[in-house]
Structures are given as structure tokens and as C-alpha cells.
Amino acid sequence: MEEKKDEVGFAEREEAIWARKSWESLSALRLRRPLIQCITNFVSMDFMANTLLAAGASPAMLHGLQEIPDFTPYVSGLCVNIGTLTADWVHSMKAAAAFCSQLGKPWVLDPVAVSASEFRMKACRELVGLRPSVIRGNPSEIIALSSASLGATKGVDSSDKSTDAVHAAKSLSQASGAIVAISGAIDIVTDGEQVIGIHNGVPMMQLITATRCAVTALIAAFVAASPSNIFVATAASLAIFGLAGELGMEKAGGPGSLRMHLIDSLHGLDEATILSRVHIHSLS
Ligand SMILES: Nc1ncnc2c1ncn2[C@@H]1O[C@H](COP(=O)(O)OP(=O)(O)O)[C@@H](O)[C@H]1O
Ligand SMILES: Cc1ncsc1CCOP(=O)(O)O
Ligand SMILES: [Mg+2]
């Protein structure tokens, strides 16, 4: 009985500490307004830029290879997303990622539909070699990238649950040195040892294209604002985006209006709401 009470007390304290860290991470982002370069797919550009602006960051969707040597040294973080990949974009992605790695700037990789083709898998494996700070994918993407195997694909959607990709995420993290995040009903973050679960978000978010892309850019912004704690910044950004989805859902009539209300809620998030509604727990 006493033991059960202790466990409940521990879980509540842990949740309160994570909620506090999430608020501090968002406050750091709002204060620093990091410039985030996004080399991303055509579907996501508008929603991603609006998500970054609503959170308090400054987005720049620059992907021309010729501009990277001039521009990338000035950014605070980079988001690389392979959603609509073609050969010329791979050169830009690799050049920008290499700059960031050399200059010690954080960058985040989104391996969208990595198992759809050999071309995507090869590009992703090469990008992983350029040492991303964080890799954020859906469960199927993380499983495929971790094992470097194509298998069956549902394109940009997942056919696996996040909890089934924990082992793959831990090995990918250990092999790459990156923090690995898996999105899904429970978002999961691991540094290869520690595993945490984030219980924020609503199922309707799956019906808005580019929500996952947007959350990866948000991770880049949170990490750029708090580069000394990438694990915490990654967890905080997933929780806060999920919470903005929950608040947006209270006003939305479907996916179209959720998209709008999610952005409004992200912009308006305050300390009291974050402290009472962020739900993060250890899974290991
Ligand atoms: N069943 C669910 N319950 C609560 N939140 C969910 C659920 N499904 C998805 N979400 C939210 O939507 C986001 C995107 O999830 P999902 O579309 O499943 O991602 P993916 O396609 O990358 O697996 C998650 O990060 C989470 O916040
Ligand atoms: C539909 C689609 N096709 C290529 S990229 C893309 C967007 C996928 O975005 P998300 O994984 O964030 O839903
Ligand atoms: Mg999905």
C-alpha cells in the first residue's frame, strides 16, 4: 500500500518536473527567437513556417545550394526534411548539414517515407553520417532507418505503433549519436538509454498533412534555443505541440479548423496551462 503511494507520488513529481522544464524550454525559445533554416518538402513549407512563427522562432525556407555558404553560418538551427526529395536537393541538404555539424550548430533530420525507395534510404543514411542532433520520424520510418531496410511502405504514414519502435530508436540513437524521437499516439524520445513517453496530442492531428514535418522544425527551434539540453528540448517541443493540438481541438470542427486553432493555441500558450497539462513520463 505504502509502496503504491510512493510510486504515485514519484510519477506526479516526475510529471511536474517535466512540465516545468517544458515551460522553461518554450520561454527560452520565445526569448531567443532562433533563426531556423528549413530545407523541407513542398507540402509542408507554409504550415512549418507558421508553426515556427507561432511558437516564437524565425523561419527561413532557403534550399538553394548556391546560398548555403553565405546563409547557413548565420542560422541558429537547421531542419532537413526529405518529403519531396530530388537529386539536387540532396546536395543542398548535405551541404547545409555539414556546415552545421562543423560549426557546432544543432540540426534535425526528418526521414519522411525513408523506406519508399533506395534513393531515399541512401540519402538518409548519408545525412545520418553528418551527425544530426535529433532524428524525428514516425514508427515505420525509425524502424526502417535503424535497420537500413526498405520492406513494405505506406508512404509518409506509419504502419507501426510508436511503442513497437523503441528498440529500433535506441539502436539508431546509439549508432548515430543523435537523440531519436518517434511520433504517434504516445510520442517517444530516447538518447539510446533513457526512454520517455509524451502523452499529449489528439488523434485528429493525423488528418492534417505536415503536422509531423512541423513538429520536427519545432524540435529544431527548441534545440537551437536550449542547445545544452537537446533531450529535454526535444521532449518539450513534442509535448507543447501536442498540447496546442488538444487546446485547438476544443474549438475545432474538423482537421481544417484544427490546423488554424492549433496555430492560435501554440501562439497563446501560457505557464499555467503548460504546468497543468503537459504529460511526460519515463518509460525505462
Ligand atoms: N491516438 C492519438 N492520441 C493522441 N495524440 C495523437 C494520436 N495520434 C496522433 N497524435 C498526435 O499527432 C501527432 C502525429 O501523430 P501521427 O500522425 O500518428 O504521427 P506519425 O504519422 O508520424 O506516426 C503525434 O505527435 C501526437 O501528438
Ligand atoms: C503528403 C506528403 N508527401 C510527401 S511529403 C508529405 C507531407 C507529409 O507530412 P507529415 O508526415 O508531416 O504528415
Ligand atoms: Mg500517422
Side-chain angles (χ1 to χ4, degrees), residues 15 18-38 40-61 76-77 79 81 83 108 110 112 136 138 156 181 183-187 189 198-226 232-280:
E15 189 169 83
W18 272 109
R20 167 66 51 200
K21 286 180 181 172
S22 300
W23 168 245
E24 287 167 0
S25 298
L26 179 62
S27 303
L29 168 60
R30 286 175 174 169
L31 187 73
R32 299 194 177 124
R33 307 193 69 79
L35 172 60
I36 306 300
Q37 179 176 7
C38 304
T40 189
N41 68 76
F42 298 111
V43 186
S44 69
M45 286 180 182
D46 174 273
F47 189 53
M48 184 180 285
N50 278 307
T51 299
L52 287 172
L53 283 169
S58 180
M61 320 323 255
S76 299
C79 171
N81 175 308
V108 180
D110 194 329
V112 180
R136 198 292 316 164
N138 70 30
V156 302
S183 53
I186 303 171
D187 295 315
V189 180
I198 297 138
H199 302 253
N200 288 103
V202 288
M204 186 76 80
M205 288 165 78
Q206 295 170 91
L207 300 185
I208 311 172
T209 193
T211 45
R212 288 66 63 94
C213 305
V215 86
T216 306
L218 199 60
I219 292 171
F222 270 75
V223 170
S226 304
V232 168
T234 302
S237 53
L238 285 158
I240 280 171
F241 191 71
L243 176 54
E246 289 171 23
L247 297 167
M249 202 60 225
E250 291 167 10
K251 294 186 180 155
S257 48
L258 177 57
R259 188 180 193 273
M260 177 182 81
H261 289 301
L262 188 156
I263 295 282
D264 284 358
S265 302
L266 184 58
H267 172 72
L269 263 177
D270 61 26
E271 182 176 2
T273 310
I274 289 176
L275 294 189
S276 61
R277 292 189 57 171
V278 158
H279 300 300
I280 301 178

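Hydrogens, waters and symmetry mates are skipped; everything else that's a heavy atom, side chains included, is used.
Considering Thr216, Asn138, Asn41 in turn, Thr216 is the only one that fulfils the side-chain hydrogen bond (donor to acceptor under 3.5 Å, both in side chains) rule with Asp110.
The side-chain heavy atoms of Leu29 and Pro34, taken from C-beta on, include a pair separated by under 4.5 Å. A heavy-atom distance below 4.5 Å is found between the side chains of Met61 and Pro59. Counting only heavy atoms from C-beta outward, the side chains of Cys79 and Met48 approach each other to under 4.5 Å. The side-chain heavy atoms of His199 and Ile280, taken from C-beta on, include no pair separated by under 4.5 Å.
Of all non-hydrogen atoms in Gly268 and Arg30, the two that sit nearest each other are C-NH2, 4.4 Å. Here the closest non-hydrogen pair linking Ala224 and Ile36 is CB-CD1, 3.8 Å. Of all heavy-atom pairs between Gly248 and Leu258, the closest is C-CD1, 3.7 Å. Heavy atoms only, all atoms of each residue included: Leu26 and Phe222 are closest at N-CE2, 3.7 Å. Of all heavy-atom pairs between Val278 and Ala239, the closest is CG1-CB, 3.9 Å. The nearest pair of heavy atoms linking Ala55 to Leu218 is CB-CD1, 3.5 Å.
Between the side chain of Thr40 and the main chain of Asn81, no donor-acceptor pair closer than 3.5 Å is present.
The line from CD of Glu24 to CD1 of Ile274 is 11.0 Å long, rounded to the nearest 0.5 Å. Separating the CG atom in Leu52 from the CG atom in Leu266 is a distance of 9.0 Å, to the nearest 0.5 Å. Ser22 OG to Trp18 CH2: the interatomic distance, rounded to the nearest 0.5 Å, is 7.5 Å. Summarising the geometry, atom CZ belonging to Phe241 is positioned 5.0 Å from atom OG1 belonging to Thr51; distances are rounded to the nearest 0.5 Å. To the nearest 0.5 angstrom, Ser265 atom OG is 8.0 Å from Leu243 atom CG.
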ask   = Would Thr234 and Val223 satisfy side chain to side chain contact (heavy atoms under 4.5 Å, CB included), going step by step from the backbone distance to the final call?
value = CA-CA 7 Å; Thr234 302; Val223 170; 3.9 Å; yes
- Message: I'd like to know whether Leu269 forms a side chain to side chain contact (heavy atoms under 4.5 Å, CB included) with Leu247, so could you lay out the CA-CA distance, the side-chain angles of the two residues, the decisive distance to 0.1 Å, and finally the verdict.
- Response: CA-CA 9 Å; Leu269 263 177; Leu247 297 167; 3.6 Å; yes
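Counted by atom type alone, Arg32 and Ser76 present zero donor-acceptor pairs between their side chains at under 3.5 Å.
Listed by first and then second residue, the salt bridge (charged side-chain N to carboxylate O under 4.0 Å, His left out) pairs involving residues 251-273 are Arg20-Glu271, Asp46-Arg259 (not counting sequence neighbours). Counting only residues at least two apart or in different chains, side chain to side chain donor-acceptor pair (under 3.5 Å) contacts with residues 236-249 comprise Asn200-Glu246, Glu246-Arg277.
Take Ala210 and apply the side-chain contact (heavy atoms from CB on, under 4.5 Å) test, not counting sequence neighbours, and it matches Ser44, Phe47, Cys213.
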